[in-house]
Amino acid sequence: MARRENPEINAGSMADIAFLLLIFFLVTTTMDVDSGIARKLPEKQEQQSDVIVKEKNVLDIVVNRNNQLLVENEYVKVTDIKRLAMKFIDNGGGIGAPVGDKPGESCDYCEGAKDPNSSDHPTKAIISLQSDRGTTYGMYVSIQNEIEAAYNELRNNLAKKRYGKSYDVLLQDYEDNPSEGLKSKIDDLKDKYPQIITEPEPLK
């Protein structure tokens, strides 16, 4: 009786199919990626030589590892930051920082209380944000957003008085149709209310 021979399987075609399947899954598979939290960094400030900063020109904001918030050693809520920052920045209780050879001047556009114990001028008002290594990132970003909102509202108010449009609208107009006129207005508002924010090393 003749012996049957087992037919051989062509492995070459199976390798081709496996390769095609691998390419298919690489192309079609989607992966969940943590996009993080969108955060605009504070505006860049020009480097200045060492100057003596008066204590009254610094607003100390501290957030501890338990996400408790203190402003000038008093417990506050995140929603209070914008109001307190605006009050401090817009106080206008003294003379501003000199610009080049031009001496500092009083703030004729400030609408604050002109408290002699608070900031002298928006160009001297420094906000210090001190966090802790245990502070959650969400809390830190929330505080930053409130500080930025304070600057934006002050700029909006001044822009409406000077140019009949808010600062936000001027930014949008410049984005849609850039011009030197719009840029000079935006730069003027930034100069009037410069973002001066310091962030010391987190507490251990």
Side-chain angles (χ1 to χ4, degrees), residues 39-65 67-78 80-135 139-159 161-162 167 184-204:
R39 175 73 188 107
K40 183 179 178 181
L41 294 175
E43 296 166 2
K44 183 179 179 181
Q45 298 296 320
E46 294 182 2
Q47 291 289 342
Q48 296 181 351
S49 57
D50 293 338
V51 294
I52 298 175
V53 178
K54 296 179 182 178
E55 186 176 348
K56 69 174 186 175
N57 284 325
V58 180
L59 181 68
D60 286 314
I61 300 176
V62 179
V63 55
N64 62 24
R65 65 177 61 251
N67 288 335
Q68 294 174 313
L69 191 58
L70 294 92
V71 176
E72 298 297 323
N73 298 318
E74 292 187 7
Y75 286 100
V76 299
K77 299 178 180 178
V78 175
D80 295 326
I81 294 293
K82 178 182 174 182
R83 174 181 58 81
L84 293 172
M86 288 180 63
K87 180 181 178 182
F88 168 75
I89 298 165
D90 206 35
N91 181 62
I95 303 299
V99 180
D101 296 331
K102 188 178 179 181
E105 299 177 346
S106 60
C107 185
D108 57 0
Y109 53 88
C110 290
E111 297 183 348
K114 301 191 185 306
D115 182 354
N117 296 316
S118 187
S119 71
D120 288 326
H121 196 278
T123 59
K124 288 184 176 180
I126 301 170
I127 295 181
S128 173
L129 175 55
Q130 175 77 69
S131 61
D132 188 282
R133 293 191 186 278
T135 303
M139 180 63 167
Y140 178 79
V141 171
S142 296
I143 298 169
Q144 281 275 10
N145 287 340
E146 290 296 314
I147 294 172
E148 186 174 341
Y151 281 105
N152 283 341
E153 184 159 333
L154 289 170
R155 291 172 178 175
N156 280 331
N157 294 340
L158 183 59
K161 289 181 179 180
R162 292 197 168 188
Y167 175 70
S184 65
K185 291 176 181 179
I186 292 170
D187 289 343
D188 175 60
L189 294 167
K190 287 182 177 181
D191 290 340
K192 293 295 187 293
Y193 289 108
Q195 280 192 20
I196 311 176
I197 304 171
T198 64
E199 298 179 14
E201 283 293 320
L203 298 171
K204 296 181 180 180

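Heavy-atom basis, side chains included; hydrogens, waters and symmetry copies ignored.
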dist S118:OG -> I89:CD1 (nearest 0.5 Å) comes out at 10.0 Å
Legend entry - D187, CG atom: more than 12 neighbouring heavy atoms under 6.0 Å: yes
Just by distance, do the side chain of D120 and the backbone of N57 share a donor-acceptor pair under 3.5 Å? no
Value for OH (Y193) from CG (N152), rounded to nearest 0.5 Å, stands at 12.5 Å
Heavy-atom nearest pair, N117 first then D115, reads N-OD1, 2.9 Å
Closest heavy-atom pair, G92 versus C107, reported as atoms and distance to 0.1 Å, is CA-CB, 4.4 Å
Between I61 and I143, is any pair of side-chain heavy atoms under 4.5 Å apart? yes
inquiry  = Any side-chain to backbone donor/acceptor pair from T123 onto G96? Under 3.5 Å, distance only.
reply    = no
Would you please indicate yes or no on a ring centroid separation below 6.0 angstrom for Y151 and Y167? no
(Q) Are E148 and Q195 packed together at the side-chain level, in the sense that at least one heavy-atom pair is separated by less than 4.5 angstrom? (A) yes
In short, E72 meets V58 closest at the heavy-atom pair OE2-O, 3.4 Å
Residues R65 and D132: closest non-hydrogen pair is CB-OD1, 3.4 Å
One should read off an interatomic distance between L59 CG and I196 CD1, to the nearest 0.5 angstrom, of 12.5 Å
In short, K124 meets A97 closest at the heavy-atom pair CE-N, 3.7 Å
Would you find more than 12 non-hydrogen atoms of other residues, nucleotides or ligands less than 6.0 Å from K87 atom NZ?
no
Interatomic distance, CD@E55 vs CD1@I126, rounded to 0.5 Å, equals 12.0 Å
For K192 and R155, indicate whether the former's side chain and the latter's backbone hold a donor-acceptor pair under 3.5 Å. no
Does K77 reach the side chain of E146, with side-chain heavy atoms less than 4.5 Å apart?
-> no
Next on the checklist: Treating D188 as the side-chain partner and S184 as the backbone partner, does any N or O pair qualify as donor plus acceptor under 3.5 Å?
Outcome noted: no
- Counting distance only, does the side-chain N/O of E199 pair as donor-acceptor with the main-chain N or O of Q130 below 3.5 Å? no
Value for NZ (K114) from OG (S119), rounded to nearest 0.5 Å, stands at 10.0 Å
Side chain to side chain contact (heavy atoms under 4.5 Å, CB included) test vs M86 passes for just one of N91, L154, I81, namely L154
Closest heavy-atom pair, I147 versus I197, reported as atoms and distance to 0.1 Å, is CG2-CD1, 3.7 Å
| query | Short question: side chain of T135, backbone of N64 - any donor-acceptor pair under 3.5 Å? | reply | yes
